[in-house]
Number of protein chains: 2
Amino acid sequence: MAAQRGEGDGVVTRPQGTSPAGTSPQGTTNSEAPADVRERARAIPEAAVARLAVYLRVLSGMVEQGVTTISSEELAGAAGVNSAKLRKDLSYIGSYGTRGVGYDVEVLVSHIERILGLTRKHSVAVVGIGNLGHALANYGGFPSRGFPVAALFDIDPDLTGVPVGGIPVDHIDDITTVCAEREVSIGVIATPPQAAQAVCDRLVSAGVQCILNFAPVVLQVPDYVEVRKVDLAVEMQILSFHVARRADEAAGDVVNGIGVDGVVIRP
Amino acid sequence: MAAQRGEGDGVVTRPQGTSPAGTSPQGTTNSEAPADVRERARAIPEAAVARLAVYLRVLSGMVEQGVTTISSEELAGAAGVNSAKLRKDLSYIGSYGTRGVGYDVEVLVSHIERILGLTRKHSVAVVGIGNLGHALANYGGFPSRGFPVAALFDIDPDLTGVPVGGIPVDHIDDITTVCAEREVSIGVIATPPQAAQAVCDRLVSAGVQCILNFAPVVLQVPDYVEVRKVDLAVEMQILSFHVARRADEAAGDVVNGIGVDGVVIRP
DNA sequence: TCAACTTTGTGCAAGCGTTCACAAGCGGTA
DNA sequence: TACCGCTTGTGAACGCTTGCACAAAGTTGA
Ligand SMILES: NC(=O)c1ccc[n+]([C@@H]2O[C@H](COP(=O)([O-])OP(=O)(O)OC[C@H]3O[C@@H](n4cnc5c(N)ncnc54)[C@H](O)[C@@H]3O)[C@@H](O)[C@H]2O)c1
Ligand SMILES: NC(=O)c1ccc[n+]([C@@H]2O[C@H](COP(=O)([O-])OP(=O)(O)OC[C@H]3O[C@@H](n4cnc5c(N)ncnc54)[C@H](O)[C@@H]3O)[C@@H](O)[C@H]2O)c1
């Protein structure tokens, strides 16, 4: 079973856990034209991929503001990273900058989109149309970024046929046919935790190979399926850890009566 | 400004970006009793903290099932990690296992809770009671894990006073007084992206030092504030990247007519 | 054309995090 | 008590990620 990644791995983490759990044994390929692109894509570190998505969002904003050129320093500032890291990240996808000038925003956007596979459409299915499922189905941020929500599923017969965010809910039992019909490539699990593994299994047998899981459970999937998880309780607990650590530090400083300079708990 | 961590960095996380951007200069503390606990807490890698939260969830399930003792191998399986990693993670918080036997589930639970700071209560405020905010306010998983939702805020006057999930929504202008009154320690941002930085600034001046951000923006905060972000579009794009990579590999293999054995795209 | 200046792309070293592998320690058994 | 089998805890090696620092490569202006 493949390990799943997410948040802090923050993360998160990712996240966060980042070993590319044997998606495939390295087949020595040696075709001519697309080979370098493939090799390159394969070589991009997971951490860099996550940041590329962030750069893409920032750059899209820049395009809308009419910015045509940007330096690594500026982009790094806007994305909240070190500029050396940014340049290294961009170097994984090729050399598209101009020394002395910076990067052409549109060129960069199109190359990042290419690397992230955003030139294809990725239809999304949401399973579990409860509180969270409703929010996801209504969320405009998915379709606008190339991830149209194409199907909704629930086990509750009262929901079947009811349109949410413009799409009628299908019964979970129809998952295989509907997913095939609408070419769903990403499944989102928003069911109660008890149902998550079963739903996951059904998604996998329906041919879905990418899963985003909101249920607080560790899903078991075959190696060829990619799972990412979003676990809000875990996020909260990481924040809690930092609160505790900071409180302990403060307590220690008070005990010592030292009052370490530079530490500002609340300025 | 502190960098913010989240997802995958995954693995996330990171999850992902994981450098402890100078929350404080290392003050050399040397008090006696609690010093080792503090030193230890400080030394736990972020990635390990995220996993400890997962172990805790799994262990809580075990307690309910009446399991009293568990080996690293079993727990690792249930948490989806390698058993060596699990043991190392647990070693960061101390030596509470019994060689030849395993770990006492309840002992482990209480120590992880202590390290994660879950012995204190962490009140949560949600800002932006729209689609997502409603789901979060109604989510039972927060209070049940020691994160009571104590306040809700929105800018929409029509929402003010309306109870959501049992708590009446307050106007964003009252954020400082209400947060102080209810001792809010974690702020959750679920507003549109345009409003996120302003909301973040208000949370920070209200004394909130931990922020969980759902808006797709990079927040700028002072060093002493801890930000974690949940960015669903980024998660989707990471999944998309893997689809693309896999498709490229498959294409390459087909071009070569090799058909690398062991690669199962869809079994 | 040339020099001064700006910014990219990257080799390299240091720092983390993961994994291996095994000694140390514990419980059970004869 | 002495032995055996099992499981923990961790030193050490490895590999990924980060950040520095600088040569290479471009622009601008004279
Ligand atoms: N609400 C939140 O803000 C939030 C936050 C974080 C995580 N989560 C997690 O997301 C999941 C959903 O949360 P929610 O608050 O929307 O719960 P919910 O109870 O409101 O909704 C769950 C939905 O799933 C459906 N369902 C149940 N079993 C199913 C099955 N086998 N197949 C298909 N559908 C099924 C139910 O009919 C219901 O409509 C939970 O696992 C929860 O822990 C929720
Ligand atoms: N809905 C989702 O499933 C989803 C998923 C991922 C990310 N997000 C992100 O979460 C955020 C919220 O999404 P949503 O779908 O709930 O949006 P929404 O429009 O339904 O809700 C936003 C709410 O924020 C309130 N608001 C606006 N400005 C405010 C301010 N200055 N102070 C306080 N409140 C303010 C609005 O009145 C509204 O109630 C967005 O940034 C979105 O990108 C949403």
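All chains are named by letter (A, B, ...) in the order of the sequence lines, taking the proteins before the strands, and each is independently numbered beginning at 1.
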A:S95 side-chain proximity, nearest of C:dT18, D:dT10, C:dT10: C:dT10
Separation of atom CD1 in B:I93 from atom P in D:dT8, rounded to whole Å: 14 Å
Any A:N82 side-chain nitrogen or oxygen under 4.0 Å from OP1 or OP2 of D:dT17: no
Phosphate OP1/OP2 of C:dA23 contacted by B:R99 side-chain N/O (<4.0 Å): no
A:S72 vs C:dT8: side-chain N/O to OP1/OP2 distance below 4.0 Å: yes
Side-chain N,O (B:Y103) to OP1/OP2 (C:dC26) below 4.0 Å: no
Any side-chain donor near an acceptor of the partner, B:R114 and B:T119, under 3.5 Å: no
Distance, rounded to the nearest Å, where A:L86 contributes CG and C:dT7 contributes C1': 12 Å
Heavy-atom donor-acceptor pair, B:K88 side-chain to C:dG17 base, under 3.5 Å: no
Residue pair B:Y55 / B:D89, side-chain donor-acceptor N/O under 3.5 Å: yes
Residue mapping more 5' on DNA chain D - nearest nucleotide basis, A:G100 or B:S71: B:S71
A:E113 vs A:R120, salt bridge (charged side-chain N to carboxylate O under 4.0 Å, His left out): CA-CA, chis, key distance, verdict: CA-CA 10 Å; A:E113 284 181 340; A:R120 335 178 178 208; over 6 Å; no
Contact nearer the 5' end of DNA chain C, comparing B:A84 with B:V101: B:A84
Separation of C:dT19 C1' from B:D89 CG (nearest whole Å): 12 Å
Nearest-Å distance for atom pair CD/P, residues A:E73 and D:dA21: 14 Å
Donor-acceptor contact below 3.5 Å, side chain A:H111 vs main chain A:S95: no
Distance test, side-chain N/O of B:R87 to OP1/OP2 of C:dC20, below 4.0 Å: no
For atom CD1 of B:I70 and atom C1' of D:dT8, their distance in whole Å: 14 Å
A:R246 side chain to B:Q209 side chain, donor-acceptor N/O pair below 3.5 angstrom: yes
Rounded distance (Å) that lies between atom C1' of D:dT10 and atom OH of B:Y96: 16 Å
Nearest-angstrom distance from the residue atom NZ of B:K85 to P of C:dC16: 18 Å
For atom CD of B:E46 and atom P of C:dT18, their distance in whole Å: 12 Å
